[in-house]
Amino acid sequence: MEISTVSDEEIIKLWDESKIFESEIVHKKPKYFITVPYPYTSGALHIGHARSYTLGDVTARYYRLKGFNVLFPMAFHITGTPILAISKRIAQDDKKMLAMHKEYVSIYEEDENKINEIVESFKNPEALANYYAKVIIADFKRMGYSIDWRRKFNTGEKFYNKFVEWQYKKFATQNLIIKGKHAVYFCPSCNNPVTTDDIKGGDELDIKMTEYYLIKEKIASENAHENCYLIAATLRPETVFGITNLWVNPEKIYVKVNVRNAGIDEMWLVSKKASEKLKKQGFEVNIIDEFKGENLIGKKAMTPLTNKEVEILKANFVDDDVATGVVNSVPGHAPYDYVALRDLGINFAQEPNFRMIDSKIKVEEVVKGIKNQTDEKLEDVTQELYKDEFYNGLMNENCGEFKGMKVAVAKEKVAERLKSLNLLSKIYENGIKDKDGDVIKGTCRCGTELEIRVLEDQWFLNYADDGWKNLAKKILKSIKIDPEIYRTGFVNAIEWLHEWPCTRNRGLGTKFPLDNKWMIESLSDSTIYMAFYTIAHLLRNLTVEELDNKFFDFVFLGKKFDGCEKYKNIRETFLYYYPMDERRTGIAHISNHLTFSLFHHAAIFPENLWPKKISLNEMLISEGKKMSKSLGNVIPLKNACEKFGADTVRLHLCYAADTSSTLDWKEKDVLATKSKIDEFVNFIKSVDGYASYEYRDMDKWLISKFNRHLEEFLNLMDKSEIRGAVQKIFYEFFNDIKWYLRRTEPNKKVPKEISEEWVKVMSIFIPFTCERLWGYIGKGNFVSAEGSLKVDKEAINENAESMENMLIELIDNVRNFVKLIEKHKKPTKVFIYFAEDWKRELFSEIKKGKGIKDVMADEKFKRHSKDVINMMKKTHQQDIKFIPTIEEEGGKIEGAKEFLEKELNLKVEIDVNADYDPKETRKFAMPLKPAIYIE
RNA sequence: GCGGGGGUACCCAAGCGGUCAACGGGGCAGGACUUAAGAUCCUGUGUGCGUAAGCCUUCGUGGGUUCGAUUCCCAUCCCCCGCACCA
């Protein structure tokens, strides 16, 4: 087949057949193992996904071209609830979900019936995952990704489960997994915990739960033997120092309940509704007595830490369905309390502990304009005051040992203190207050309002473990981060990570090996799977039973067992590819996935197998806006490929922005990239057919330029500065080509060697185009399989480049003057003069690093002292690379005389001795910068 | 508030102590080619001045360090992202 004319699709087929992207051990060759996170198979890929993958593929191709044995694998993530949630909603005939997936499927299918049939099949989560995996593979191939597909798998497959189980058993033996309490959203009618995917509007709304601190305030009881507490709920435990009274709603039902706390029975007074919530949130609660709130009014309770008796007052604004229905009144710092007391006509400002936080904004000031406790503005001023106090406020002398502490710090400290005195507990409420003070509560997709339950036996990865943290820090020290600016992100992430709940009640993936009722959470099963890639295809030949702990211990850690010989090649394969040389992904993953990956590598693998480099890129937006379904500006990857061609999409993703800035996908710019590729094709084709011949000067210049750009290109690629690399080898070299063509017209012969090398390098970015061109220029095999790329350093000719540069600048200069002169008369002739020999000698002195004093010692310079000082001021040692003789300069211009005359439309007179110099312009001439006179 | 990143010409965007009036792309204007359009190529594109190698003012704003700052330091204003159990 004539490859020079075939379509992208046919090239993909040829690549597949030739297996050039399948990597096998080659001991003589250096290897390069690069991965990009596997996609989640719940929908079609869009152009935003393609950025990381394309940069990953470009890197893979780059190293392949440099002669590395590259492994670039891919798999699919199906762990977690989203796929299940979609299936369920499709099964329930959810219109929105159906429409969305019909749209996705219609990207790939034309026939309406077929589309419906496929979406119908999505009722089965497995079918959904498989379908999208299939189309993603097609998309990746269409994009020309050089992936070794033999290693693909999905995270629900048995052999992968075995691998993850092995990993978690390892953590268990290292005591890195702990068990504890964890609050979750729970749907009472579905009878299971829910995640974002099950919450109505969960993907758009920010549904969160509110964590209330329960503060136990001792209250007298008829029974002197029991410990009885009024349980006030607050978001601000540090304000206990400012409590002047308590609020209870007289109209609502309250209860006295027996709560068993750490084996001790206590009596709590809370609203009846609160008692039910407490039960659900893991408290052992028995109702002893039930009464109206008014029964509590007038009684006194003791505030903790300060041990002050305060009175319970009535307040109708207290909601018995929020937390406990008992509220601390802190008028000095809570506008609501201030206004409520003012409404009651109670004077409280005399209380010695009225003010307990010093900050700029004062409660008395913010409430000035507030009419009464139902005023809507109260919410605004509360937020304003709280924000100021929290971030800028300091605890004052009323706060005992906490005096002088920042409020933000004191909040934690006071809570800890109360906890240690057994005077603090927590309760969770559905929803969090938004900016307007409205509580947005989570509702299950089934329509039921969610409640909060506290799970007692949730499993956590204990990232707070000091030993583990230190290992993660150590790994970070040794790993390369590109661009380096993101390193602090990792430092912070490692520092802040603590217990991470790593199990879920539901979802696809791997069962938690220590407790089979749990599933491993989706971020937690994807931390060291890069190691799995190296051997995934070999494991297919084994039975699942064989993949036990011994097996993985041997393959990954080298622990031998009887019969391990059989798996020697698997161990060898792993060791050949590991450690991973590079992981490429978006910066959004720094705070979780990537940092988890560091932790897990550190815990499982020996130091010599830790990953070597993480390369990162920013996100992508479209025409200045974030891509989102609601804006309808999501561009499916397949559509982009069809519209612009995969090569254009690839090159544009590489060139349109630096990796560390957001890439704005603008159609206008994409089209410009496309036409640049067309230009490239035309150029390479125009080269065809010329045999090698004696190089002319301009050929040497072009070869020099090419090699210089190539050298810079290699440097930039090694630093993952892909945009800069493209600019050098494509855009800048293109400008050189244009110049070359102008200079050598009409004899448009470009050295064939350059076009070959150029096609090779460009195949990294635009592989389809280059594959065709490779065929066109008569090379066999695939350019994508080429494994050599060398800079011909010998060919880089600094002097030739400088001389050509002189010419370019000369033209510029002449044009400038022509513009000026044209206003007065029509120029016809240009005289060119060259710098006198003494200037050349002076340059050579400067180049040697001589100073003014050294130079002035010489009589021949002293004569021109004024000019010498001037020149030395302007000219720096490092700027002087080459000092030609007058003859060389003259020769260069002479050789280009015809060209100059044509370009400038002037007669050119080369006056080496400046015999005719009416305005004495020769004095302006410098080495490599001839002077000109125009008339 | 904390943490991170950033503010560069009409727009996007590189530069991160001297070669910078500032790479590259887009746009715009003029020219070549063409019956025309398109494509392609060339030229120009901060301002004001100059028939001669320059001068003036400019890289958010205001200071400072330096022989020299778009680049370093300080202050200040503005924008974006993260602050978690969500993939």
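Residue numbers begin at 1 in each chain, while the letters A, B, ... track the order of the sequences. These numbers were taken from a predicted model, which means no experiment stands behind them.
- Taking a 4.0 Å limit (strictly below) on heavy-atom distances, residues 487-495 of chain A reaches RNA chain B at T488(A), N492(A).
- The aromatic ring centroids of F596(A) and Y463(A) lie less than 6.0 Å from each other.
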Under 3.5 Å donor-acceptor pairs involving side-chain atoms of residues 721-729 of chain A, not counting sequence neighbours:
unit_1	atom_1	unit_2	atom_2	d
R723(A)	NH1	Y655(A)	O	3.3
R723(A)	NH2	Q727(A)	OE1	3.4
Q727(A)	NE2	E732(A)	OE2	3.4
K728(A)	NZ	E732(A)	OE1	3.4

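- For the pair I808(A) CD1 and U43(B) P, the computed distance is 10 Å after rounding to whole Å.
- In this structure, the side chains of T155(A) and T510(A) stay at 4.5 Å or more apart for every pair of heavy atoms.
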Exercise. Between E618(A) and R51(A), is a side chain to side chain contact (heavy atoms under 4.5 Å, CB included) present by the stated rule, with each step listed?
Worked result: CA-CA 9 Å; E618(A) 257 279 3; R51(A) 192 173 185 192; 3.8 Å; yes
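- A straight line from CZ of R815(A) to P of G30(B) spans 19 Å, rounded to a whole angstrom.
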Atom pairs under 3.5 Å, N or O on each side, protein against nucleotides 68-71 of chain B: can you list them with distances?
none

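- Residue F683(A) contributes atom CZ, which lies 15 Å from atom C1' of U40(B) at whole-angstrom precision.
- Looking at residues 921-935 of chain A, you'll see T921(A), F924(A), A931(A), I932(A), Y933(A), I934(A) sit with a heavy atom under 4.0 Å from some atom of RNA chain B.
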Cut-off 3.5 Å, no hydrogens considered: what does the side-chain donor-acceptor table look like for residues 923-935 of chain A, sequence neighbours left out?
unit_1	atom_1	unit_2	atom_2	d
K923(A)	NZ	E920(A)	O	3.3
E935(A)	OE1	Y916(A)	OH	2.8

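- In this structure, the ring of F171(A) has its center less than 6.0 angstrom from the ring center of Y168(A).
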Problem set entry | Sequence-aligned protein contact record of nucleotides 82-87 of chain B, with B where the base is within under 4.0 Å of a protein heavy atom and S where only the sugar-phosphate is | --BBBB
